[in-house]
Amino acid sequence: MNIDSIRSAIEPHRQGLLNHPLYEVVQGEDALRIFMEHHVFAVWDFMSLLKKLQMQICCVTVPWKPPVDRASARMINEIVLAEETDHALDGSVASHFDLYLHAMRQFGASTVGIESLLESLASGVELSEAIKGPLVPAPAAQFMQHTFREISEGKLCRIASAFTFGREDLLPGVFSCLVDRLAQQAGGRLEPFQYYLNRHVELDGDSHGPMAEQLVSQLCGDSLENWREAGDAAVVSLVARRKLWDGIYEACQTLVSR
């Protein structure tokens, strides 16, 4: 098995996501706000997948010890650099999660749900309980439960595969076109969100995507079992994303039917 075999296995699931009816109902500002209020949780928990990889592959403890897999450590640190400390529109330094929160506020989407989760964690509430908080949308809670189950139970090859194949390149070009159309009516309020989307397209296509696939290959090596685990993790991550998309679709449908 190899990367191509994983790509082949997940292609039907990817196509199902890229052609999801969600994009047909996210046609107005209110529906886009609902999307953002759910999707922000996937932007947030993406960083935990990445930081788990960094913790396991790079040395983040004192005293420092040289990483065993230096090539993988280099790739992870490069991805962390951009995801955690990228440049914002105004030239300041911001994580991609920060960029997303700023985009939500500028567009008038509610950040109460994600902020309630972060406040709960900051006050010492256990992650499993914080995720089930009353202000966290149920589809987002279910998605995060899958992510953190993979982090706590999965092998490195599984976590790397979930990170690589289950994440943010699943927003198709039609979504960016939709945002661009709404931006023409929004008077600049969607500019930060357009910037966020464009940064992901640039980074995923030019560097992060290829680096992440190379990381999966290095972690799986010649182990057939590792490749099977990585393939399974990729598939179940896309299934979890499909359930999230289904939940957002239902929320938007409820809005449309009012």
Side-chain angles (χ1 to χ4, degrees), residues 35-36 38-61 67 69-106 111 114-115 117-118 121-122 127 140 143-144 146-148 150-152 154 156-172 175-176 179 191-219 230 233-234 237-238 240-241 244:
F35 175 86
M36 296 172 81
H38 286 72
H39 182 235
V40 65
F41 291 92
V43 176
W44 175 74
D45 79 354
F46 166 85
M47 285 302 299
S48 289
L49 283 170
L50 178 57
K51 298 305 280 189
K52 179 66 172 183
L53 290 170
Q54 188 181 37
M55 289 169 61
Q56 295 291 102
I57 295 171
C58 312
C59 182
V60 293
T61 58
D69 186 346
R70 293 184 294 277
S72 293
R74 171 63 182 255
M75 284 187 284
I76 287 295
N77 283 330
E78 285 193 22
I79 295 173
V80 169
L81 177 65
E83 294 289 345
E84 197 168 42
T85 53
D86 202 358
H87 294 293
L89 266 171
D90 62 3
S92 63
V93 175
S95 70
H96 284 196
F97 175 70
D98 292 329
L99 295 178
Y100 204 99
L101 276 184
H102 175 63
M104 291 179 70
R105 292 173 181 134
Q106 286 293 104
T111 58
I114 186 65
E115 288 174 345
L117 171 63
L118 297 178
L121 293 172
L127 174 66
F143 182 81
M144 289 186 291
H146 162 77
T147 298
F148 285 102
E150 201 71 82
I151 288 172
S152 64
L156 265 182
C157 60
R158 289 189 63 94
I159 297 169
S161 185
F163 174 84
T164 300
F165 296 106
R167 312 309 297 182
E168 299 313 317
D169 65 338
L170 296 168
L171 291 175
F175 184 77
S176 293
V179 172
E191 186 179 3
F193 192 47
Q194 289 174 295
Y195 178 77
Y196 167 85
L197 293 174
N198 290 335
R199 285 299 291 153
H200 264 285
V201 169
E202 292 169 10
L203 291 170
D204 286 347
D206 294 343
S207 57
H208 289 187
M211 281 195 293
E213 289 191 359
Q214 187 178 346
L215 177 66
V216 172
S217 293
Q218 290 187 197
L219 291 174
S237 292
L238 292 181
R241 178 62 69 110
L244 175 61

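Since the model is a prediction, treat every value here as computed from it, not as a measurement.
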*Where the side chain of S161 meets the backbone of C157, is there a donor-acceptor pair that is under 3.5 Å apart?*
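No: the side chain of S161 does not pair with the backbone of C157.
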
List the atom of [X], the atom of [Y], and the distance in Å for their closest heavy-atom pair.
{"X": "G166", "Y": "R241", "value": "O-NH2, 3.5 Å"}
{"X": "A42", "Y": "L244", "value": "CB-CD2, 4.2 Å"}
{"X": "N77", "Y": "C58", "value": "OD1-SG, 3.7 Å"}
{"X": "H39", "Y": "Y100", "value": "ND1-OH, 2.8 Å"}
{"X": "S176", "Y": "L197", "value": "OG-CD1, 4.3 Å"}
{"X": "A94", "Y": "L99", "value": "CB-CD2, 4.0 Å"}

*side chain to side chain contact (heavy atoms under 4.5 Å, CB included) between D86 and V93, worked out*: CA-CA 6 Å; D86 202 358; V93 175; over 6 Å; no

Roughly how far, to the nearest 0.5 Å, is the [atom2] atom of [Y] from the [atom1] atom of [X]?
{"X": "L50", "Y": "H208", "atom1": "CG", "atom2": "NE2", "answer": "8.5 Å"}
{"X": "L203", "Y": "R199", "atom1": "CG", "atom2": "CZ", "answer": "4.0 Å"}
{"X": "I76", "Y": "L215", "atom1": "CD1", "atom2": "CG", "answer": "4.5 Å"}
{"X": "H102", "Y": "S92", "atom1": "NE2", "atom2": "OG", "answer": "8.5 Å"}
{"X": "S72", "Y": "Q56", "atom1": "OG", "atom2": "CD", "answer": "12.5 Å"}
{"X": "M55", "Y": "I151", "atom1": "CE", "atom2": "CD1", "answer": "10.0 Å"}

*asked:* Can you tell me how the ring of H96 sits relative to the ring of Y196, calling it parallel under 30°, perpendicular over 60° and tilted otherwise?
replied: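 Ring orientation, 0 to 90° scale: perpendicular.
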
Do [X] and [Y] come within less than 4.5 Å of each other through their side chains, counting heavy atoms only?
{"X": "V179", "Y": "F175", "answer": "yes"}
{"X": "S48", "Y": "F148", "answer": "yes"}
{"X": "V60", "Y": "K51", "answer": "no"}
{"X": "L127", "Y": "L121", "answer": "yes"}
{"X": "V40", "Y": "T111", "answer": "no"}
{"X": "F193", "Y": "Q106", "answer": "no"}
{"X": "L219", "Y": "V216", "answer": "no"}
{"X": "M75", "Y": "Q218", "answer": "yes"}

*asked:* If you apply the rule side-chain hydrogen bond (donor to acceptor under 3.5 Å, both in side chains), what do you find for E213 with T164, and how did you get there?
replied: CA-CA 6 Å; E213 289 191 359; T164 300; over 6 Å; no

*asked:* Under 3.5 Å, is there a donor on one side chain and an acceptor on the other for E84 and S95?
replied: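 No, no side-chain donor-acceptor pair sits under 3.5 Å.
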
*Aromatic contact, F97 with F46 (centres under 6.0 Å)*: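 So the answer is no for these two rings.
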
_The test is side chain to side chain contact (heavy atoms under 4.5 Å, CB included); show your working for L117 and F41 and say whether it passes._
CA-CA 9 Å; L117 171 63; F41 291 92; 3.9 Å; yes

*R70, CZ atom: more than 12 neighbouring heavy atoms under 6.0 Å*: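 Incorrect, the count does not exceed 12.
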
*Report the C-alpha separation of F143 and H38 in whole Å, then their side-chain angles, then the decisive distance to 0.1 Å, and conclude whether the ring pair (Phe, Tyr, Trp, His ring centres under 6.0 Å) test is met.*
CA-CA 10 Å; F143 182 81; H38 286 72; over 10 Å; no

*What residues form a salt bridge (Lys or Arg N to Asp or Glu O under 4.0 Å) with E191, not counting sequence neighbours?*
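Testing E191 for salt bridge (Lys or Arg N to Asp or Glu O under 4.0 Å), a comparison that skips the adjacent residues, returns none.
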
*With sequence neighbours excluded, residues passing salt bridge (Lys or Arg N to Asp or Glu O under 4.0 Å) with E83*: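 Checked E83 against salt bridge (Lys or Arg N to Asp or Glu O under 4.0 Å); zero matches.
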
